[in-house]
Trainee: 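I have a structure here, written as structure tokens, and I will follow up with some questions on it.
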Amino acid sequence: MKKIEAIIRKSQFDDVKKALHKIEVNFFSYWDVTGVGNEKQGHVYRGISYSTSDIQRRYLSIVISDEFLEKTVNTILDAAYTGNVGDGKIFVSEISDAYRIRTKENGSAGIN
């Protein structure tokens with residue numbers, strides 16, 4: 001099993017969510033986060049400089065079976081892409097086990 005952690009633009013969240021549902025990734029957690037990015041220059045609007053390094057993001061956490069990894073990552077990459085600085089990041093890590101509390105199933109049965 002794998003855990004995908006994706007940090008994406010809030011504006012792209014609905015597109016990512018719809019795309020994930022299309023490939024039958026129907027369960028994931030998400031929350032709003034604020035992060036500091038690599039871009040150092042601010043933008044000037046009406047003579048006032050605004051920092052673009054502190055950007056509102058949405059953080060997704062998805063645990064999937066190994067065989068869905070590539071499809072899920074590619075779906076997020078496609079749906080979250082704008083081509084601009086700050087599109088986000090995706091991290092993949094190994095999950096040793098998962099349990100469904102209600103049925104006490106574990107492994108892939110615990111997440112499907």
Trainee: Does Ile111 share a hydrophobic cluster with Ile95, counting links as ILVMFWY side-chain heavy atoms below 4.5 Å and allowing steps through other members?
Mentor: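 Ile111 and Ile95: one cluster.
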
Trainee: To the nearest 0.5 Å, tell me how far Lys3 NZ sits from Phe91 CZ.
Mentor: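 If I round to the nearest 0.5 Å, the distance is 12.0 Å.
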
Trainee: So, taking the atom named CD1 in Ile4 and the one named OG1 in Thr72, what distance separates them when rounded to the nearest 0.5 Å?
Mentor: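 With rounding to 0.5 Å, CD1 (Ile4) is 5.0 Å from OG1 (Thr72).
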
Trainee: Tell me whether Asp66 contacts the main-chain N or O of Met1 through its side chain, where contact means a donor paired with an acceptor under 3.5 Å.
Mentor: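 Indeed, once roles are kept as given, a pair shorter than 3.5 Å links the two residues.
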
Trainee: Indicate yes or no: does Asp32 engage Arg57 in a salt bridge with an N to O separation below 4.0 Å.
Mentor: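 Salt bridge absent between Asp32 and Arg57.
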
Trainee: Decide if atom CD of Glu94 counts as having more than 12 heavy atoms of other residues, nucleotides or ligands within a radius under 6.0 Å.
Mentor: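 For Glu94, atom CD is crowded (more than 12 foreign heavy atoms under 6.0 Å).
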
Trainee: Could you give me the CA-CA distance, side-chain angles and deciding distance for Tyr59 and Glu5, then say whether side chain to side chain donor-acceptor pair (under 3.5 Å) is met?
Mentor: CA-CA 7 Å; Tyr59 184 99; Glu5 296 170 288; 2.4 Å; yes

Trainee: Do Ile90 and Leu20 sit in the same hydrophobic cluster, where Ile, Leu, Val, Met, Phe, Trp and Tyr count as joined when their side-chain heavy atoms come under 4.5 Å apart?
Mentor: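 Yes, one cluster joins them.
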
Trainee: Say whether, by atom type as modelled, one donor and one acceptor occur between the side chain of Arg100 and the main chain of Ala109 under 3.5 angstrom.
Mentor: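 Yes.
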
Trainee: Please check if the side chain of Ser65 supplies one atom and the backbone of Glu67 the other of a donor-acceptor pair under 3.5 Å.
Mentor: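 Side chain of Ser65 to backbone of Glu67, a donor-acceptor pair under 3.5 Å: no, none is there.
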
Trainee: Report the distance from atom NZ of Lys71 to atom CD1 of Ile64, rounding to the nearest 0.5 Å.
Mentor: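 Those atoms lie 11.0 Å apart.
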
Trainee: For Tyr81, is there any backbone N or O sitting under 3.5 Å from a side-chain donor or acceptor partner on Asp87?
Mentor: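 Not a single qualifying donor-acceptor pair exists.
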
Trainee: Would you confirm whether the ring centroid of Phe13 sits within less than 6.0 angstrom of the ring centroid of Tyr30?
Mentor: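 Yes - the distance between ring centres of Tyr30 and Phe13 falls below the 6.0 Å cut-off.
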
